[in-house]
Amino acid sequence: QLHVHNNAIFVRANANQAAAFKYSSQQRAKMPASLVYKFALRSFPRTPYELEQLYKHYANKHAPHHDQVVMYLLINKLLLVAQKLDESLLDKTMQALLHDPMYRDLQSPIQGDKDKDFVVPQHIPMRFTCVKKNGTIALHVMHALDPSQLFDLKQIAQYVLIFGRPGLENTWQGIAFDFAYHMHWQTLFGFALCRALCTTSAAKPAVVRRLALVMARPGMYREAVASYNTAFLDQLMVAQYGSHLNIIQVHMPDKMAQNFSDNNALHVLLHNQILLD
């Protein structure tokens, strides 16, 4: 699914088409010509009434098969979201979906290869056609991450959204998402930092784990910086900023990885002048 400027949610192939249209024209994607958006104006039902109308059309044997597949996916996706939330956070639509017997054991209308475009998980395409100011059409390609800009968080976020396939099982560990696939910028920085600091040896998992533990403890690094500045008044720690940071990598024999401690991790952060927040 994909959120677009008109605050609607499109499903599978429609999501890809909407993304391509938005990128190439810089305009809002039009709503698909489907009865789905008559019963639920924003795809996800916002009220119990919209949910009921969407379900009735899904259960109607005379409804277009394509509509049935889309509505099944929308209702099932909303159900998955509702099941992950605390009861106190559920709105009335989610409560109805979870507790009304009518919505239990929904029968999948998916039938073989002809539904493949809507069933196989698809994501924002790697390539879009882009209309330039002079009217010519060019191909935009999402290139691999620029190794000279390891801390360009916008570049990393775009790369993760396109190649990381958020929502599936092959997650990018360490990057926090919400249900709308918004990313937490501090976790993006932590992800970039671990990639820049660590070698590709077998010691990398142990080093990354220790760095993550240190960064996750409130105030630990801040206290280490304060202690360092007190001890070295003539060489205060001045943090680096921007997308171009000078990083000295961690190198150690694999057999020494288990001895990498909190103090070692703090020393690495201090030595590389990593910012506090």
Side-chain angles (χ1 to χ4, degrees), residues 1-19 22 28-29 31-32 34-60 63 66-110 115-125 157-158 160-188 191:
Q1 283 81 21
L2 173 72
H3 289 259
V4 292
H5 279 166
N6 54 7
N7 202 30
I9 299 173
F10 296 135
V11 175
R12 307 310 186 195
N14 286 339
N16 287 339
Q17 294 169 8
K22 176 186 171 184
R28 297 180 180 182
M31 304 299 289
S34 168
L35 288 176
V36 175
Y37 301 95
K38 174 182 178 181
F39 299 110
L41 299 179
R42 292 292 178 259
S43 307
F44 266 2
R46 298 170 295 174
T47 65
Y49 176 77
E50 285 190 355
L51 175 62
E52 182 180 356
Q53 294 302 307
L54 200 66
Y55 173 81
K56 286 182 177 179
H57 189 57
Y58 149 79
N60 184 357
H66 169 273
D67 285 359
Q68 288 182 317
V69 173
V70 172
M71 285 185 284
Y72 169 78
L73 292 173
L74 287 171
I75 295 174
N76 194 53
K77 184 69 173 181
L78 183 60
L79 177 61
L80 292 176
V81 172
Q83 290 172 339
K84 295 178 181 179
L85 295 178
D86 184 85
E87 187 76 22
S88 62
L89 300 177
L90 300 176
D91 61 16
K92 292 182 178 179
T93 307
M94 291 179 177
Q95 291 175 9
L97 185 56
L98 286 174
H99 303 305
D100 193 325
M102 179 171 63
Y103 304 116
R104 294 176 186 170
D105 301 323
L106 296 180
Q107 297 298 316
S108 173
I110 297 170
D115 295 329
K116 184 176 180 180
D117 288 341
F118 296 93
V119 179
V120 176
Q122 298 187 30
H123 301 269
I124 304 173
Q158 291 176 341
V160 171
L161 282 175
I162 292 175
F163 294 104
R165 298 177 178 269
L168 298 185
E169 294 181 356
N170 54 329
T171 57
W172 290 51
Q173 294 185 7
I175 299 179
F177 289 83
D178 63 13
F179 286 116
Y181 296 154
H182 298 145
M183 296 185 205
H184 194 284
W185 284 96
Q186 288 181 323
T187 65
L188 272 174
F191 175 83

[atom1] of [X] to [atom2] of [Y]: how many Å apart, nearest 0.5 Å?
{"X": "Leu90", "Y": "Gln83", "atom1": "CG", "atom2": "CD", "result": "10.5 Å"}
{"X": "Tyr103", "Y": "Leu51", "atom1": "OH", "atom2": "CG", "result": "3.5 Å"}
{"X": "Leu80", "Y": "Leu85", "atom1": "CG", "atom2": "CG", "result": "11.0 Å"}
{"X": "Ile75", "Y": "Leu78", "atom1": "CD1", "atom2": "CG", "result": "8.5 Å"}
{"X": "Glu87", "Y": "Leu98", "atom1": "CD", "atom2": "CG", "result": "7.0 Å"}
{"X": "Leu74", "Y": "Leu79", "atom1": "CG", "atom2": "CG", "result": "12.5 Å"}

Sub-4.5 Å side-chain heavy-atom contact between [X] and [Y]:
{"X": "Val160", "Y": "Met183", "value": "yes"}
{"X": "Tyr55", "Y": "Met102", "value": "yes"}
{"X": "Leu106", "Y": "Tyr72", "value": "yes"}

Margin query: Are more than 12 heavy atoms, taken from residues, nucleotides or ligands other than Asp105, located less than 6.0 Å from that residue's CG atom?
Written below: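 Count not over threshold, so no.
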Donor-acceptor check, side chain of [X] to backbone of [Y], threshold 3.5 angstrom: yes or no?
{"X": "Gln68", "Y": "Tyr58", "value": "yes"}
{"X": "Asp91", "Y": "Met94", "value": "yes"}
{"X": "Thr187", "Y": "Ile175", "value": "no"}
{"X": "Glu50", "Y": "Arg46", "value": "yes"}

Next item on the list: Compare every heavy atom of His99 with every heavy atom of Arg104, then report the nearest pair and how far apart it is.
Entry: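 Looking at all heavy atoms of both residues, the closest pair is NH2-O, 3.5 Å.
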